[in-house]
Amino acid sequence: MKVLARLGSFLDGISEAMGRLSSWCAVLMVLVTCYVVFTRYVLNEGSVAIQESVTYLNAMLFLLTAAFTLKHGGHVRVDIFYTQASVRYKAWVDLLGSLLLLLPVCGFILWISWGYVQASWAVSEQSGDTGGLPYVYLLKTLIPVMALTLIVQGMAEIFRNLALLLSPSALAQTPES
């Protein structure tokens with residue numbers, strides 16, 4: 001049980017580090033948006049590349065913090081029964097949800113996005129707008145990266161919930177929510 005818990009904690013650490021690092025995209029997005037507004041309305045100038053960078057930052061924020069959000073329970077969940085449930089029930093729901101929903105969906109995203117990303121890399125895809133950013137292929141690469149980080153966090157959830165379910169003392173010591 002301790003091995004499962006330690007492995008889960010190690011994988012949690014990966015999601016935590018990536019989420020904290022990626023969260024700076026929100027700050028950058030605000031700063032760049034302020035810059036775009038200032039240059040457009042005060043200086044009467046504009047830059048397609050700088051405007052597109054806000055979209056890139058938003059995509060990075062969303063895609064690279066998905067696992068962090070899952071780790072902290074910030075994802076969408078129907079809480080009708082879950083909120084008042086026992087620790088054991090929650091562990092079963094989280095375990096089965098990870099095994100039957102999260103991992104298969106992430107596997108599907110990896111599979112379906114692979115050709116899409118590969119085709120983008122093959123032509124070094126760039127923005128369709130004149131003066132836009134030449135890194136569309138890098139942006140598209142974040143799709144399978146998101147799926148991989150969610151798989152890592154999903155494995156952490158599985159290990160943590162297995163450790164809880166296989167250790168009666170852990171269930172007895174864990175406070176009810």
Side-chain angles (χ1 to χ4, degrees), residues 3-30 32-33 49 51-83 85 89-129 132-165:
V3 172
L4 289 174
R6 274 193 226 136
L7 190 52
S9 293
F10 172 75
L11 296 175
D12 274 343
I14 294 170
S15 297
E16 186 73 27
M18 185 165 238
R20 290 197 180 279
L21 184 63
S22 301
S23 67
W24 283 98
C25 290
V27 175
L28 289 172
M29 199 166 49
V30 169
V32 173
T33 300
Q51 285 181 278
E52 282 185 359
S53 71
V54 174
T55 303
Y56 278 54
L57 288 165
N58 185 52
M60 290 169 61
L61 180 65
F62 174 76
L63 294 170
L64 296 177
T65 60
F68 177 83
T69 303
L70 176 60
K71 177 186 180 292
H72 290 281
H75 57 287
V76 175
R77 173 184 282 142
V78 179
D79 281 16
I80 297 169
F81 302 108
Y82 188 87
T83 305
Y89 178 86
K90 288 179 181 181
W92 273 112
V93 169
D94 292 341
L95 175 66
L96 293 174
S98 294
L99 287 171
L100 301 175
L101 296 171
L102 179 67
L103 294 182
V105 167
C106 289
F108 178 74
I109 291 170
L110 274 173
W111 176 68
I112 203 75
S113 68
W114 191 256
Y116 178 70
V117 173
Q118 193 175 24
S120 185
W121 272 84
V123 296
S124 296
E125 187 175 1
Q126 300 182 16
S127 173
D129 295 327
L133 292 174
Y135 308 113
V136 173
Y137 61 99
L138 292 174
L139 186 64
K140 288 182 176 182
T141 302
L142 295 179
I143 297 167
V145 168
M146 181 263 317
L148 287 171
T149 60
L150 278 172
I151 288 171
V152 167
Q153 185 57 40
M155 295 306 296
E157 299 292 319
I158 289 167
F159 295 145
R160 181 177 24 267
N161 288 303
L162 274 175
L164 266 173
L165 290 168

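- Residues in residues 143-158 take part in these side-chain hydrogen bond (donor to acceptor under 3.5 Å, both in side chains) pairs, two or more places apart or across chains: Asp12-Gln153, Ser15-Gln153, Gln153-Glu157, Glu157-Arg160.
- Looking at Tyr135, its side chain never comes within 3.5 Å of a backbone N or O of Ser124 through a donor-acceptor pair.
- Taking NZ of Lys71 as the start and CG of Leu11 as the end, the distance is 11.5 Å to the nearest 0.5 Å.
- Atom CG of Leu150 is separated from atom CG of Leu110 by 10.0 Å, given to the nearest 0.5 angstrom.
- Met29 approaches Leu61 most closely through the heavy-atom pair CE-CD2, 4.1 Å.
- Taking every heavy atom of both residues into account, Pro144 and Val117 meet most closely at CD-CG2, 3.7 Å.
- Nearest heavy atom pair, residue Ile158 against residue Ser98, reads CG1-CB, 3.6 Å.
- Nearest heavy atoms, Leu165 versus Trp92: CD2-NE1, 3.4 Å.
- Atom-to-atom distance recorded for Glu52:CD and Leu139:CG is 9.5 Å, nearest 0.5 angstrom.
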Applying side chain to side chain contact (heavy atoms under 4.5 Å, CB included) to Val145 and Leu63, what does each step give before you reach the verdict?
CA-CA 8 Å; Val145 168; Leu63 294 170; over 6 Å; no
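- A donor-acceptor contact shorter than 3.5 Å links the side chain of Ser23 to the backbone of Arg20.
- When all heavy atoms are compared, the tightest approach of Leu64 to Ser22 is CB-OG, 3.2 Å.
- Atoms NE2 and OG1, from His72 and Thr65 in turn, are 10.5 Å apart once rounded to the nearest 0.5 Å.
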Kindly indicate, with the supporting measurements, whether the criterion side chain to side chain contact (heavy atoms under 4.5 Å, CB included) is fulfilled by Lys90 and Leu164.
CA-CA 10 Å; Lys90 288 179 181 181; Leu164 266 173; over 6 Å; no
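- The minimum heavy-atom distance linking Tyr137 with Trp121 is given by the pair O-NE1, 3.4 Å.
- A distance of 11.5 Å separates CG in Leu21 from CZ in Phe68, rounded to the nearest 0.5 Å.
- Between Asp94 atom CG and Leu70 atom CG the span is 8.5 Å, to the nearest 0.5 Å.
- Counting heavy atoms from C-beta on, the side chains of Val136 and Tyr56 come closer than 4.5 Å.
- Taking 4.5 Å as the limit, some side-chain heavy atom of Cys106 sits within range of a side-chain heavy atom of Leu102.
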